[in-house]
Amino acid sequence: MSEEPAIGGEDTPASGAEEQPEPVIGATDGEAPARDASEAELAEVLRETLLAAHDDLTPDDLPGESVTEVRERYVAARERLEREAQEAKVPAGAPGRFAPAPTSAFEKIREGLTRLNA
């Protein structure tokens with residue numbers, strides 16, 4: 001049998017050897033890898049997620065440098081949009097397109113004669 005490692009397999013360190021943390025791309029040797037994203041990066045991720053989820057929001061609606069600020073602006077923007085929607089209520093149904101139909105026999109005859117002469 002071959003001594004080559006399996007595809008995707010990792011070489012196991014020799015016993016007693018200390019494991020080193022994996023290097024971070026773009027980090028200098030003296031830099032410790034950052035495990036958590038910064039507050040600004042988290043705020044940007046939250047902003048992008050909210051904008052993708054809500055078509056009626058714009059980037060101007062969600063300014064802020066922290067997650068708390070973005071969330072507060074989101075709540076305020078949603079309240080504003082709901083208030084605007086309630087103020088602009090449109091009655092259900094389409095407006096009438098035709099004049100009401102005549103109700104008495106005399107009005108029906110007059111309506112029919114008007115249509116013939118028109």
Side-chain angles (χ1 to χ4, degrees):
M1 263 191 138
S2 166
E3 299 260 342
E4 294 179 21
I7 296 176
E10 297 287 328
D11 289 337
T12 56
S15 62
E18 289 185 31
E19 290 186 29
Q20 298 293 327
E22 292 186 26
V24 176
I25 296 174
T28 61
D29 292 336
E31 257 182 68
R35 299 277 180 205
D36 296 324
S38 71
E39 185 73 15
E41 290 172 342
L42 291 174
E44 185 61 30
V45 169
L46 177 60
R47 183 179 299 109
E48 290 174 3
T49 303
L50 291 172
L51 291 173
H54 300 284
D55 294 337
D56 52 352
L57 293 176
T58 64
D60 296 335
D61 292 331
L62 302 174
E65 295 298 319
S66 70
V67 173
T68 305
E69 291 174 1
V70 172
R71 185 179 182 285
E72 288 172 356
R73 297 296 179 122
Y74 167 72
V75 171
R78 295 304 304 166
E79 289 173 354
R80 178 182 52 83
L81 291 172
E82 287 176 17
R83 187 175 56 251
E84 289 174 0
Q86 287 178 353
E87 290 173 358
K89 275 193 173 178
V90 177
R97 296 185 182 176
F98 301 103
T103 55
S104 69
F106 180 75
E107 290 175 354
K108 289 179 183 179
I109 292 171
R110 180 183 294 166
E111 179 70 24
L113 290 174
T114 305
R115 288 184 186 173
L116 286 175
N117 291 332

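What's counted below: heavy atoms across the whole structure, side chains too, no hydrogens, waters or symmetry copies.
- Interatomic distance, S104 OG to R110 CZ, rounded to the nearest 0.5 Å: 8.5 Å.
- Electrostatic pairing of E79 and R83 does not count as a salt bridge here, judged by no charged N lying under 4.0 Å from a carboxylate O.
- The shortest heavy-atom contact between T68 and E39 is N-OE2, 4.4 Å.
- Looking at L42 and V70, their side chains never come closer than 4.5 Å, going by heavy atoms from C-beta outward.
- Transitive grouping of hydrophobic side chains (ILVMFWY, heavy atoms separated by less than 4.5 Å) keeps V45 and V67 in distinct clusters.
- Smallest separation of non-hydrogen atoms from L57 and A77: CD2-CB, 3.8 Å.
- Interatomic distance, CD of E69 versus CG of L62, reported as 12.0 Å (0.5 Å rounding).
- One finds the CD atom of E111 at 12.0 Å from the CD1 atom of I109 (value rounded to the nearest 0.5 Å).
- Put simply, NE2 on H54 and OG1 on T49 are 10.0 Å apart, with the number rounded to the nearest 0.5 Å.
- Residue R78 places its CZ atom among more than 12 non-hydrogen atoms of other residues, nucleotides or ligands, all under 6.0 Å distant.
- Between R47 and E44 there is a salt bridge, since at least one side-chain N of the basic residue sits less than 4.0 Å from a carboxylate O of the acidic one.
- Inter-residue side-chain proximity for D61 and R80 is flagged as met; some heavy-atom pair is nearer than 4.5 Å.
- Put simply, F106 and L113 are part of two different groups of oily side chains (I, L, V, M, F, W, Y) that touch within less than 4.5 Å, one to the next.
- Ionic pairing of R73 and D60 is not present here: no N-O contact between side-chain nitrogen and carboxylate oxygen is shorter than 4.0 angstrom.
- No more than 12 heavy atoms of other residues, nucleotides or ligands sit less than 6.0 Å from atom CD of E65.
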